[in-house]
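Here's the structure, in structure tokens; my notes come after.
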Amino acid sequence: HAADALRTDLMTITRYVLNEQSKHPESRGDFTILLSHIVLGCKFVCSSVNKAGLAKLIGLAGETNVQGEEQKKLDVLSNDVFVKALVSSGRTCILVSEEDEEATFVEPALRGRYCVVFDPLDGSSNIDCGVSIGTIFGVYMVKDFTEPTLDQALQPGKNMVAAGYCMYGSSCTLVLSTGSGVNGFTLDPSLGEFILTHPDIKIPKKGKIYSVNEGNAKNWDGPTAKYVENCKFPKEGSSPKSLRYIGSMVADVHRTLLYGGIFLYPADKKSPSGKLRVLYEVFPMSFLMEQAGGQAFTGKERVKTCFLPVVV
Ligand code: AHM
Ligand code: MG
């Protein structure tokens, strides 16, 4: 049985990516190495998030520790771990993180051909009440990485070669796509390994859930307000949709992938281009959604084809 095979013939994330790699004889294993460093970052954040409540109590994190030393906040700590892991992989040339004002250009001796854009700990305002949070990442391939420049990182989402997220929830789940479908891996804490638990995720064709911060409704434009109104008061004969909103993008997107429906953070009068960050939040999630058979729109066009303004 398939379920039995999954239980005894453990498909770790490394084994999975190595299998994929063997289908491309020209591949040099660089992505496998890069991914193992991303996985290390995710395991570190998972373990820190699990300890967050306790650590606060005994003074391991938060403002000061028992020695009275200033301690790093979880999102800053997570960022440091990801940056160091990615740089030391020797496979990256540019890193763009939500936590850092400026992009990181990897020193020449450690440069590789990938550019990684990421949000190391998204939804961090949810940490203190134990709600699921996550890491989001997207990967671009840079042709000439000898002289990396910022515009090599500011590419449209359709140029990404891989994307994923890791959700720190009731279990720790890493969802990954390298452009041929989407797979979900769950961390087995006793093994310290991510095991394939959700092979070939496809979003259900129809969904009964809509997910949006309705507290912003006053500032929405007409079509957005009308759409949400229709979720609640559908035309004669159809049932209203259920509302689910966690306020943590990774968890809201994860539920949407598995149960179907729609997640939206529309632009409004207050934030005319929406709240979510295009490069390391919206592009990776759109990549995954499309790979799972879903769609991602800005409201006007396909997300992945939008261009980013070059802001330095
Ligand atoms: P953050 O990057 O500051 O954590 O904010 C991003 C988060 C997303 O995870 C989530 O979808 C959104 O903010 C929720 O925003 P709001 O509280 O306005 O509904
Ligand atoms: Mg974020």
Side-chain angles (χ1 to χ4, degrees), residues 38 41-42 45-46 48-49 52 61 72-83 95-104 116-138 153 157 160 163-169 172-175 209-221 224-225 227-228 231 243-259 261-289 294 296-299 303 308 311:
I38 294 177
C42 294
V45 180
C46 177
S48 311
V49 166
K72 284 183 178 167
K73 285 225 157 54
L74 215 49
D75 39 9
V76 179
L77 190 67
S78 308
N79 187 49
D80 288 357
V81 169
F82 269 103
V83 169
L95 308 175
V96 182
S97 164
E98 183 189 334
E99 282 294 327
D100 292 322
E101 206 64 43
E102 306 278 341
T104 301
V116 182
V117 296
F118 60 106
D119 184 347
L121 201 56
D122 182 64
S124 48
S125 65
N126 286 314
I127 298 174
D128 287 347
C129 60
V131 167
S132 300
I133 45 185
T135 297
I136 310 170
F137 60 91
M160 273 184 181
Y165 61 79
C166 186
M167 185 177 73
Y168 313 107
C172 178
T173 310
L174 200 154
V175 173
I209 299 171
Y210 75 105
S211 183
V212 67
N213 185 343
E214 271 203 81
N216 296 331
K218 150 169 115 62
N219 292 318
W220 287 346
D221 64 14
T224 305
Y227 174 79
V228 173
C231 292
L243 167 64
R244 297 281 184 274
Y245 189 69
I246 299 169
S248 201
M249 189 194 197
V250 173
D252 280 318
V253 168
H254 188 62
R255 183 202 54 249
T256 308
L257 262 188
L258 297 186
Y259 296 173
I262 181 170
F263 164 73
L264 60 159
Y265 206 112
D268 59 37
K269 283 181 211 135
K270 258 178 40 206
S271 34
S273 16
K275 178 186 178 188
L276 302 175
R277 267 56 55 110
V278 178
L279 186 60
Y280 34 71
E281 293 176 345
V282 181
F283 279 163
M285 292 309 202
S286 304
F287 187 100
L288 291 165
M289 268 299 162
F297 287 102
T298 61
V303 165
L308 285 156
V311 276

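Heads up: numbering here begins at 1 and tracks the sequence. Order of listing sets the numbers, starting from 1, for every ligand and every atom in it. Hydrogens, waters and symmetry mates play no part in the numbers below; they use all other heavy atoms, side chains included.
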Students should be able to answer this: which protein heavy-atom is nearest to [atom], and at what distance?
atom: atom 6 (C) of ligand 1; result: Asp122 OD1, 3.3 Å
atom: atom 3 (O) of ligand 1; result: Arg277 NH2, 3.7 Å
atom: atom 4 (O) of ligand 1; result: Gly123 N, 2.8 Å
atom: atom 14 (C) of ligand 1; result: Tyr245 OH, 3.3 Å
atom: atom 12 (C) of ligand 1; result: Lys275 NZ, 3.8 Å
atom: atom 18 (O) of ligand 1; result: Tyr265 OH, 2.6 Å

- Item | 4.0 Å heavy-atom contact, Ser125 with ligand 1 | no
At a 4.0 Å threshold, what atoms of ligand 1 neighbour a non-hydrogen atom of [X]?
X: Ser248; result: 9 (O)
X: Asp119; result: 2 (O)
X: Asn213; result: 16 (P), 18 (O), 19 (O)
X: Gly247; result: 10 (C), 14 (C)
X: Glu281; result: 2 (O)
X: Ser124; result: 4 (O)
X: Met249; result: 8 (C), 9 (O), 10 (C), 11 (O)
X: Glu98; result: 2 (O)

Do [X] and [Y] have side chains that approach each other closer than 4.5 Å (heavy atoms only, starting at C-beta)?
X: Cys166; Y: Cys46; result: no
X: His254; Y: Phe263; result: no
X: Tyr227; Y: Val212; result: no

- Identify the heavy atoms of Ile133 and Asn126 that sit nearest to each other, and give their distance. CG2-CB, 3.8 Å
- Note on the structure: Scanning both residues in full, the closest heavy-atom pair of Leu257 with Val175 reads CD1-CG1, 4.2 Å
Counting only N and O atoms by type, is there a donor-acceptor contact under 3.5 Å from the side chain of [X] to the main-chain atoms of [Y]?
X: Thr298; Y: Val303; value: no
X: Ser78; Y: Val45; value: no
X: Asp100; Y: Ala103; value: no
X: Asp75; Y: Glu99; value: no

- Item | Stepwise side-chain contact (heavy atoms from CB on, under 4.5 Å) check, Val49 with Ile127 | CA-CA 8 Å; Val49 166; Ile127 298 174; 5.8 Å; no
- Task: Count, excluding waters, the protein N, O or S atoms that are closer to the Mg ion (ligand 2) than 2.8 Å.
- Result: 4
- Query: Would you say Asn216 and ligand 1 have an N/O pair spaced under 3.5 Å apart?
  - Reply: no
- Query: Has ligand 1 got any nitrogen or oxygen that is less than 3.5 angstrom from a nitrogen or oxygen of Leu121?
  - Reply: no
- Message: Ignoring hydrogens and geometry beyond distance, is a side-chain donor-acceptor pair present between Tyr280 and Asp122 at under 3.5 Å?
- Response: no
- State which residue, out of Met160, Glu98, Arg277, fulfils the side chain to side chain contact (heavy atoms under 4.5 Å, CB included) condition with Val117. Met160
- Task: Could you please spell out the steps behind the side-chain contact (heavy atoms from CB on, under 4.5 Å) verdict for Tyr168 and Val250?
- Result: CA-CA 9 Å; Tyr168 313 107; Val250 173; over 6 Å; no
- Task: Look at the aromatic rings of Phe82 and Phe118 and report parallel, tilted or perpendicular, splitting at 30° and 60°.
- Result: tilted
- Is it the case that more than 12 heavy atoms not belonging to Tyr259 sit under 6.0 Å from its OH atom? no
- Message: I need the contact type for Val250 against ligand 1. Using non-hydrogen atoms and a strict under-4.0 Å cut-off, is it side chain, backbone, both or neither?
- Response: neither
